[in-house]
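Model, not experiment: these values are computed from the prediction. The first residue of the sequence shown is numbered 1, and numbering continues consecutively from there.
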Amino acid sequence: MRIYTRSGDKGKTSLIYGQRVPKNDLRVEAYGTCDETNSMIGLALSFLENEEWGEKGDFLKTMHRVQTILFHVGAELATPSDKEVSWKLKKEYIQELEDQIDAWDKDLSPLKNFILPSGHRASSALHTARTVARRAERTAVGLEDELENPLVVSYLNRLSDFLFVAARYVNYSLGGEEIPLQADV
């Protein structure tokens with residue numbers, strides 16, 4: 001398989017099943033933004049390479065599962081509405097995010113105000129991934145009438161919450177400082 005095909009040189013790309021669309025099509029924007037989110041998660045994880053803490057293995061396993069599911073969310077977004085999705089997002093994947101949020105949140109101090117994205121580099125990168133996930137969600141909302149699976153938007157919504165708590169959990173685990181938002185500037 002060659003990396004370059006030259007088929008996109010005129011501003012078009014293929015959805016799953018081969019339908020050609022402009023590269024600025026909302027579907028392309030939505031699955032491309034999922035890809036960006038996935039890449040930002042990968043960047044965050046690269047900052048953990050030399051870090052050690054007791055839960056690191058479980059944390060990485062959880063994040064890799066999320067990355068895999070996010071890849072499949074992108075595939076759902078890249079499938080035209082009149083075609084069958086070969087891999088469907090399930091409600092249990094959203095429940096997994098919620099369960100992990102609750103598990104991490106037990107260790108975290110309650111939030112009394114907003115926090116600035118900060119602390120450990122991995123935490124800051126996870127905050128960036130969170131904002132990209134929100135953009136993916138906003139884009140997917142524009143496709144809701146065309147999506148066969150309404151769980152796509154729900155998953156992206158919950159994913160951004162998950163990434164927020166993951167960023168806080170990394171700071172907690174590795175001693176990164178959470179900087180509270182100051183009302184007076």
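Residue pairs meeting the salt bridge (Lys or Arg N to Asp or Glu O under 4.0 Å) criterion with at least one partner in residues 8-23, sequence neighbours excluded, do not occur; the list is empty. Under the side-chain hydrogen bond (donor to acceptor under 3.5 Å, both in side chains) criterion, the residue pairs touching residues 112-124 are E51-H120, S123-N171, with sequence neighbours excluded.
Counting all heavy atoms, side chain and backbone alike, R27 lies closest to A78 at NH1-N, 4.5 Å. Taking every heavy atom of both residues into account, L156 and C34 meet most closely at CD2-SG, 4.0 Å.
Every residue meeting the side chain to side chain donor-acceptor pair (under 3.5 Å) condition with R158, not counting sequence neighbours, appears here in chain and number order: E98. Here R138 pairs with nothing under the side chain to side chain donor-acceptor pair (under 3.5 Å) rule; sequence neighbours left out.
Counting only heavy atoms from C-beta outward, the side chains of L163 and T37 approach each other to under 4.5 Å. Looking at heavy atoms from C-beta onward, L159 lies out of side-chain contact with F164 at the 4.5 angstrom threshold.
For E76 (side chain) and L89 (main-chain N/O), a donor-acceptor pair under 3.5 Å exists by modelled atom type. Judged by distance alone, with hydrogens and angles left aside, the side-chain atoms of S173 form no donor-acceptor pair with the main-chain N or O of V170 at under 3.5 Å. Between the side chain of Y155 and the backbone N or O of L70 there is no donor-acceptor pair closer than 3.5 Å. Not one N or O on the side chain of R65 forms a donor-acceptor pair closer than 3.5 Å with the backbone of L60.
Using cut-offs of 30° and 60° on the angle between ring planes, the pair W104 and Y169 is parallel.
Within the hydrophobic cluster formed by Ile, Leu, Val, Met, Phe, Trp and Tyr side chains joined at under 4.5 Å, directly or through other members, V85 stands alone, with no partner residue. The hydrophobic cluster analysis finds Y4 isolated: no Ile, Leu, Val, Met, Phe, Trp or Tyr side chain comes under 4.5 Å of it, directly or through other members.
Distance CZ/F47 to CG/L45: 10.5 Å, rounded to 0.5 Å.
Salt bridge status for E148 with K83: absent, with no side-chain N to carboxylate O gap under 4.0 Å.
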